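Remember, predicted model here, so these are calculated numbers, not experimental data.
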Amino acid sequence: MAQKPSIPKGTRDFNPEEVAKRNYIFNTIKSKFERFGFMPIETPSFENSDTLMGKYGEEGDRLIFKILNSGDYLSKADQKAYDDKDSNKLTSSISEKALRYDLTVPFARYVVQHQNEIEFPFKRYQMQPVWRADRPQKGRFREFYQCDADVVGSNSLWQEVELVQLYDEVFTALKLEGATIKINNRKILSGIAEVIGASDKLIDFTVALDKLDKIGEEKVKEEMLSKGISPDGIEKLQPLFTLSGDFGTQVESLNSILSTSEEGKKGIEELQFINTAISELGLKSAILQLDVTLARGLNYYTGAIFEVSAPNVAMGSIGGGGRYDDLTGIFGMKNMSGVGISFGLDRIYLVLEELELFPETITKSTEVLFINFGEKEALYSLKAIKTLRENGINAELYPDNAKMKKQMNYANKRNIPFVIIVGEQEVENNLFALKNMITGEQQNVNLEQVVKKFS
RNA sequence: GUGGUUGUAGCUCAGUUGGUUAGAGCGCCUGAUUGUGGUUCAGGAGGUCGUCGGUUCGAGACCGAUCUUCCACCCCA
């Protein structure tokens, strides 16, 4: 026990069953992405540090895994930062690469770098692991997969509409019915901040507002006060705390709060456009819900913000996304609006597991195992197995001439539904004793009948 | 990064105020059954009690550090 090897905190091994289940989710998302016209790309697992650093806020920088330079990195270290024990400063002089923190920023880098080869609007999807130096919890890992679909090079709100449909399609296909797609708009948040005179404190304001359903109205107000938002301004927020009802009712209240903010009104318009279109088109099983307190996420969203939560399970969000007007701007490419959504594979896995929504069929592998009785019989079996495999049947031979009990037990443990027993008699008569491991029934058949049985 | 929590056999867990050789169930192996698995019966293997250090005549138990698990912050998929 003590000497057993281990893996780093927040990482996991996956056994065959888990991989099968993960692939099921993976493949479902992938096929829907392609159905909506997205093409796959991949990017390196690590990027130059300056590509990533500063894109996710101060907290984000802390959570980025930095890669130590190769060779004698200390000789090139910033001596002053070292003496001052200034870790932040020292880091940039001993580390110039970092593990990918999400898929959106590397995608922006990709678009800028390959802008001359890309046909815009560019619709890409990407399903790769990302890393965060976070402290693990349930549903929070240091290595996990994101599945992103983004469109750059189009300002059209139809993209937002399609992305909502895409969420609906994927969760419906996964039988995860009743997923809530929460939607908000950064312009509304900016508008509110403007109205209460806290435009310069937008991030602090939204972070506090985001906690409303978690810590309650009073604590949110406290946090806003402590961040320097005026009591007058907080007073003006009152209608926001009691906002309820359907989309239309909430929009009405927002209209009155934001009557003096051009930006805020623009946000409401966008929201209404999306909602109207979705109402018209209909959703299969998901629910689109306006949530003005939704402010999670990355500092780069400028329009719509999405977040998906699973039904009946205590789990953080299983997806998120939004519109970012200027992400490529940081890499020197202006006027390139993007919008995208992300699926959290690992959390979706936990949710499907908890709700027992995985289909039973996804773990099956070998359909028939041939019992090994010795050299002559094994060769006879392998000839048959070759034919079965050519017919698309998963078949295998037990490798050793072990006791029959052991071989049968092996089939049992692996849930192999059929066993073929080939002994001296069967070889002589050119037959196969086919046994159903579930019912226990057994019959002698020829090769043709075996093929037919599994086809 | 802050505060708390967890770790005993492959798995799930007992283990009294510190006291002989650390237990159970399940699983695993062998046999009853040399051409028939799942059921049953009989037997067997398997643990430096997460790790390192300390207190003690004596530590699975007490103390410290460290790693890991989970939780609350922070933040997020």
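With rounding to whole Å, A:L350 atom CG is found 13 Å from B:C70 atom C1'. Taking atom OH on A:Y301 and atom P on B:C76, their separation rounds to 10 Å, with Å as the unit. Across the protein-nucleic acid pair, A:K413 atom NZ and B:C28 atom C1' stand 8 Å apart, rounded to whole Å. For the pair A:R142 CZ and B:C75 P, the interatomic distance rounds to 19 Å; values are reported in whole Å. Taking atom OH of residue A:Y101 and atom P of nucleotide B:C75, one finds them 11 Å apart after rounding to whole Å. Protein atom CZ of A:R140 is 10 Å distant from nucleotide atom P of B:C74, rounded to whole Å. Taking atom CD1 of residue A:I203 and atom P of nucleotide B:C76, one finds them 9 Å apart after rounding to whole Å.
Interface remark: the A:R347 side chain does form a donor-acceptor pair with the B:C76 base, using a distance-only criterion of under 3.5 Å. At a cut-off of 3.5 angstrom, counting only N and O atoms as typed in the model, there is no donor on one side facing an acceptor on the other between the side-chain of A:R135 and the base of B:C74.
For the 3.5 Å distance criterion, the side chains of A:N429 and A:Q425 fail to qualify, holding no donor opposite an acceptor. Using modelled atom types, one finds no donor on one side chain facing an acceptor on the other under 3.5 Å when comparing A:T11 with A:R142.
With hydrogens and angles ignored, the 3.5 Å screen pairs a side-chain donor or acceptor of A:Y167 with a backbone N or O of A:S342. Remark: the backbone N or O of A:K182 is not paired with any side-chain donor or acceptor of A:T180 at under 3.5 angstrom. No donor-acceptor pair under 3.5 Å is formed between the side chain of A:S285 and the backbone N or O of A:E177.
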Heavy-atom contacts, protein to nucleotides 30-41 of chain B, under 4.0 Å, summarised as B (base), S (sugar-phosphate only) or - (none) per nt, yield -SB--BBBB---
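Residues of residues 206-228 of chain A that place a heavy atom closer than 4.0 Å to RNA chain B, in numerical order, are A:V207, A:K211, A:K214.
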Secondary structure of RNA chain B per the Watson-Crick/G-U criterion (both distances under 3.5 Å; [ ] crossing, | other strand, . unpaired) is ((((..(..((((.....[...)))).(((((.......))))).....(((((..]....))))))..))))....
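Centre separation under 5.5 Å together with a plane angle under 30° holds for the ring of A:F144 and the six-membered base ring of B:A77, marking them as stacked.
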